[in-house]
Engineer: 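Structure incoming, see below.
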Amino acid sequence: MKYKGIVGILLVVICALFQVNQVSQASTGTIIFAADMPDIFDTRYGKYPQLKTLIKNVSQTSGEQTFFVFGGGSLGPSAMSAFDKGSHIIDILNTLEPDVMGVTKREFSYLTDELSLRAYESAFPIVTSNIKDLRIDETPDGLQSLALIEKNGISLGFISIINSRLNEEYLVTNIRVQPPEESLKQASYKLRKMGADIVLLHYSFPFDFVPEMVDSGMINLAFLSDTRLQAQYRKEVTEHPKILLLDEPGRALKAQFAFEETFKLIDVESIDLNSLAADDETAKLVVNYQSRLAGLLNEPIGKWHGDYSTRREDVRGGENAFANYIADAMKFFADTDIAILNGGSIRGDKYYTDNTLILRKDIASELPFRSRLRVLKVNGEEIRQTLEAGLANLDDLKGGFPHVSGMKVFYDSEKPPGERVVQVNIKGRPLAMDESYTLASTDYLASGGDNYWPLRSAEASNDLQTLETILIVDLVVRAISNQGKLKSKIDQRMVDIALSNNSSESTLSTKQN
Amino acid sequence: MNKTKKRTVFTFIYAQLSVLILFAFVTSFTLVRLLDVRDNLSMLSEQAIPQLSYAASFNSKIQMLATQSSMLAGAQNEPARRLVMHKINILFDQLDDLSQNNVSKDPFVKKQVDIISNEINDLNALIKEQLSLQNTLTSNINKLTQAILNSVSGTVSNGIDAPLKRQLTDLLLTLLELEKESRLSSVRQLALDLKQIQIAITAQMLKTDDEPEAAFLPEIIEIEAIIEQKIELLLLNGRLRGRDSFVRSLISDLASNLEYHTELLSQDVLNASSEASKRIAKQTQLAIVFGVLATLITISILVFLYKRFVVRLLSLTRQIDAARHKGEGQISIDGSDEISHLATVFSQYVRKVNKQEKVLLELSYKDSLTGIPNRRAFEIRLFDALAQAKRSNLPLSIVMADVDFFKAFNDAYGHTEGDVCLKRVAKTLQQTMTRETDFCARYGGEEFICILTDTDLEGAKVIAEQIHTAIKSLKIPHSGSQINEFLTLSLGFATFTQLNSAQLSSKDIVNEADRALYAAKKNGRNQSYFLTV
């Protein structure tokens, strides 16, 4: 009897400790969506403490079953992630306890194995439904191809698909991006078989087959996280009631649903995280991480001499003063004939005003990929092909736009890709196809990143082997420190002759000195 | 004269000064270049090379730090952690020492090292916590495992029924799976499984009336703690991995930064060395050029001095010797300096000496009273005339003239008048010798002797007649003469016609002339007597 009493107490205690609830037939729920928060230093993106508050509030006040889905796009690139490969983001997310996390291209910023390690560190499943690791012919180690989350009688199936441009944009060579539509169908089928009541799709590229999938019921709800969604895709996405778009940094989505035999979306609210107070525990963790780099990165190195924009459309759509500075610094440092840098290397997406301080952190944020300098020997034909490759995806702002130093390039954006380069001058002379030139670039481009395939086969120069350990970011910091300022301008080294007749339609928004 | 006098001095002074200045210039130039080289080499040996050495040491220490920090992150137990941390602390001390030697002028390097130090200390604290937690977890798991095993094996209690045994076995297996699990999400799932098993166990135990030993029951409560510890351990591992990555990235950046600085330093050193080598090469060339130039200039100056002084002095010496030996010749040296002046002076001197010599010679061959050649001159002249006559086989006549009763003249008129008389006679005789080859000399006292070259007996007779006529025309009163009231001469002519065959000396010839004079005197004076030999 005494024994049974003790066991009874234990049962109560255990139930209390594990919070075993009576299974209820919950028919409503809330899904919180957040994504694209890579930089805890950036006040636009780094809203984790506020996100935690949102989750707590919704969990506590609504009394409904709450699912927190994180849409990825956060493990990189950022100044901090450049050092710890995104570990701090997982650590912070662990305090937020998402139910599941999807994967975008940015999760591969430090390649597959680092992502696997992050998955091991995470307290939540990380899902990528159409990626196969070629080495094991399975989903990369630590990741899952799908997830089924059961909360209070509701089973939520989760799928996350990714764009095939991953291979060329992030140079991830040991994985294969499988056809997203087919992968989506297979995952949906599996989840339904596993008993998923709701199938939720996360994606980061506006695949045109998604609306049809939603309409057919294969998926119940789609969540597109793309804070850089271009206008051409916006319409078809925003007009569909079951495709939720998170397209602004510093915001989260709250979707209320009901499930009774079928899924029903009740309400969707876009929440400005700035309007919420910061959760103390998460804020403390974030501040701790910030302070570790503050000593290193808060050092002023010079002043902005003029106004500069590193906005995405400015660095990916045409000549940019800041990009010119970087290219010039590379050329000067390596003492080469020319230099090329892709616009996608510049990630700050900021605007800097004249005569304000430049902190080391600013440059680290603008160039978070830790690219290193590479010096190549190329001939004129290879240069032309490289420029064509860079200009090929001009319309999509894909990040391949070539910023140059030591040459003047005339191109026609209205011509088809591969035929856009009109003329190239180096040192005042037209490009000679058979002549050899020395080129300073990054290891990323030299490996064929952003489809710069002509550089992959270019001969490396052996003259500067030691200097190839230099990070581009350090090179730029040194250049600014030496001069005490960053002074650059748009000097018509990349000239779009299609625009020259219609300057009022120019997409360039950078102010010039 | 003063200008001339000074010109050589100044030329010599300027030439010497030029050589000195050139020498001083070349020496200074070489000295300056050598000092420059010395400075460059000093800079290399005292600054650049030590700095490179320090930088290399610094880089080496940083690489070792990277290795040690990885070993720290992978430390499996406290002794390993302590050992690695000890080595890391030594490395930081060494880095601190090296920093003070100004390895890098970039203050950012010091900042990076400080941050790395702080991060490694935090990493160390995390590892310590992790190891402690790992030990606690392992210990708790082992305790619980043992308790379950004891229950299942029946050592603790008897009579546990099969379902309970199965559940305890499931608990044990799930626990072991939990212990091995490295993924946090999986651990959370296993925690739920454990929860389910625990509920089943307690439910099973409540069903039976058995009262097994509940020795393992307290440990069941520990499962919650074990799960929490496991979760915390995995979270800690995640943070550790992140911090390890962070530290390695920091070290990598520092190494890259240092490598860049070392590269800059190396380039500076190489450039300085290359520059120094080029300058040394250039300066060596310049030194050679200047040396050659200085040598050429010095040689030129020496040649100039040689030509200007030595050659001219030698020439002067030769000319002086020549003038001295030959007794004639112009001494002349081109130019308008002391040497040319000396030459001029010498020339004048030589001329003067020659002139004086000539005068003296002339004086030595002249009779001081009458001014006509003296006996000495006659003897020399006779020697030559005799030789000439022998060679040419022409007749030679000698006439010896004596003033008749000259002693009586002196007695009568005095020696002074006697001298005047002699002068007049000498003059008259000379005037009679119209041919240049004829020669008249005072032989001594009142005797005169003449040489008549190429004169035979008939010619001698003509001359005799002329002499007598000339003397007579003088009409010099001579009261002491016993033969005439005026002064008269006695002449003795000796004519030689076969001189080339006759072995006659000058003395012989004079003796014959004297014999002829004697005959003229013996025959009554105031006449000529002719002898032919």
Side-chain angles (χ1 to χ4, degrees), chain A residues 1-4 6-8 10-11 13-15 17-20 80-91 94-95 97 100 110 114 117-126 142 144 147 289 292-293 295-296 299 301 333 360 370 372 464 466-467 469-471 473-475 477-478 481, chain B residues 106-108 111-112 114-116 118-119 122 182-189 191-192 194-196 198-199 201-203 205-206 209-212 214 217 220-221 223-224 227 231 234-235 237-250 252-253 255-257 259-260 262-263 266-267:
Chain A
M1 287 306 289
K2 181 180 173 185
Y3 165 68
K4 282 191 180 175
I6 292 170
V7 167
L10 280 172
L11 186 61
V13 167
I14 288 164
C15 289
L17 284 171
F18 283 110
Q19 298 177 358
V20 174
M80 187 74 190
S81 288
F83 285 96
D84 73 356
K85 312 295 184 286
S87 276
H88 70 290
I89 297 293
I90 295 296
D91 196 23
N94 280 342
T95 64
E97 298 185 48
V100 68
Y110 307 104
E114 285 290 345
L117 285 176
R118 299 297 85 76
Y120 278 120
E121 292 158 19
S122 68
F124 44 88
I126 300 180
Q144 295 174 198
Y289 278 113
R292 281 165 63 189
L293 269 190
L296 203 63
E299 184 192 3
I301 55 174
F333 188 86
R360 200 176 277 265
R370 298 178 73 81
R372 294 186 190 272
L464 288 166
T466 306
L467 297 175
T469 60
I470 299 296
L471 293 168
V473 59
D474 282 343
L475 192 158
V477 165
R478 283 199 193 95
S481 298
Chain B
D106 185 357
F108 190 62
K111 194 179 269 188
Q112 282 179 300
D114 289 342
I115 288 172
I116 290 170
N118 292 339
E119 284 295 321
D122 288 346
S182 58
R183 284 178 286 192
L184 199 51
S185 56
S186 301
V187 164
R188 291 208 184 274
Q189 188 57 48
L192 290 173
L194 278 170
K195 179 189 76 175
Q196 298 291 337
Q198 267 190 300
I199 293 170
I201 288 171
T202 48
M205 285 167 70
L206 283 172
D209 291 329
D210 293 337
E211 294 187 8
L217 281 176
I220 291 180
I221 298 181
I223 289 177
E224 177 64 28
I227 291 168
I231 290 171
L234 289 179
L235 283 173
N237 283 346
R239 282 197 198 116
L240 258 174
R241 210 172 288 126
R243 201 169 279 262
D244 176 42
S245 218
F246 190 77
V247 167
R248 278 189 281 115
S249 294
L250 284 176
S252 169
D253 280 359
S256 170
N257 200 9
E259 207 166 338
Y260 168 70
T262 308
E263 177 65 23
S266 298
Q267 280 185 7

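Side chains included, hydrogens not; waters and symmetry mates left out as well; all remaining heavy atoms used. Chain letters run A, B, ... following the sequence lines, proteins first and then strands; every chain starts at 1.
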Engineer: Top residue by heavy-atom pair count (under 4.5 Å) with chain A, among B:Ser249, B:Ser182, B:Gly242, B:Gly238?
Structural biologist: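 Top count of heavy-atom pairs under 4.5 Å with chain A: B:Ser249.
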Engineer: With no hydrogens and no angle check, just 3.5 Å: does a side-chain donor-acceptor pair link A:Tyr120 and B:Asn237?
Structural biologist: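 On atom types as modelled, these side chains do not qualify, holding no pair under 3.5 Å.
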Engineer: Which answer fits A:Ile126, side chain, backbone, both or neither, if we ask what part of it has an atom under 4.5 Å from a heavy atom of chain B?
Structural biologist: neither
Engineer: Is any NZ, NE, NH1 or NH2 atom of the basic residue among A:Arg360 and A:Glu299 found under 4.0 Å from an Asp or Glu carboxylate oxygen of the other?
Structural biologist: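 Looking at A:Glu299 together with A:Arg360, the answer is yes, because their closest N to O distance falls below 4.0 Å.
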Engineer: At a 4.5 Å cut-off on heavy atoms, which part of A:Tyr110 comes close to chain B: side chain, backbone, both, or neither?
Structural biologist: neither
Engineer: Provide the closest heavy-atom pair for A:Asp91 versus B:Arg239 in the form atom of the first, atom of the second, distance.
Structural biologist: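 It is OD2-NE, 2.7 Å.
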Engineer: Quick one: which of B:Ile199, B:Val187, B:Ile227 gives a side-chain contact (heavy atoms from CB on, under 4.5 Å) with B:Leu194?
Structural biologist: B:Ile227
Engineer: Among A:Asp474, A:Val473, A:Leu117, which residue forms the greatest number of heavy-atom pairs with chain B at distances under 4.5 Å?
Structural biologist: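 That would be A:Leu117.
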Engineer: Among A:Lys85, A:Met80, A:His88, A:Arg292, which residue has the highest count of heavy-atom pairs closer than 4.5 Å to chain B?
Structural biologist: A:Arg292
Engineer: With a 4.5 Å heavy-atom cut-off, do B:Asp253 and B:Gln112 have their side chains touching?
Structural biologist: yes
Engineer: Pick from A:Ser122, A:Ala123, A:Ser87: which one has the most heavy-atom pairs with chain B under 4.5 Å?
Structural biologist: A:Ala123
Engineer: Heavy-atom cut-off 4.5 Å, strictly under: side chain, backbone, both or neither for B:Ile115 against chain A?
Structural biologist: side chain
Engineer: Please classify the contact between B:Glu119 and chain A as side chain, backbone, both or neither, with a heavy-atom cut-off of under 4.5 Å.
Structural biologist: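 For B:Glu119, the contact with chain A is made by the side chain alone.
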Engineer: Report yes if some heavy atom in the side chain of A:Phe124 is under 4.5 Å from a heavy atom in the side chain of A:Val100; otherwise report no.
Structural biologist: no
Engineer: Against chain A, label B:Arg243 side chain, backbone, both or neither, depending on which of its atoms sit under 4.5 Å from a heavy atom there.
Structural biologist: both
Engineer: Could you work out, with salt bridge (charged side-chain N to carboxylate O under 4.0 Å, His left out) as the rule, every residue matching A:Asp84, not counting sequence neighbours?
Structural biologist: none
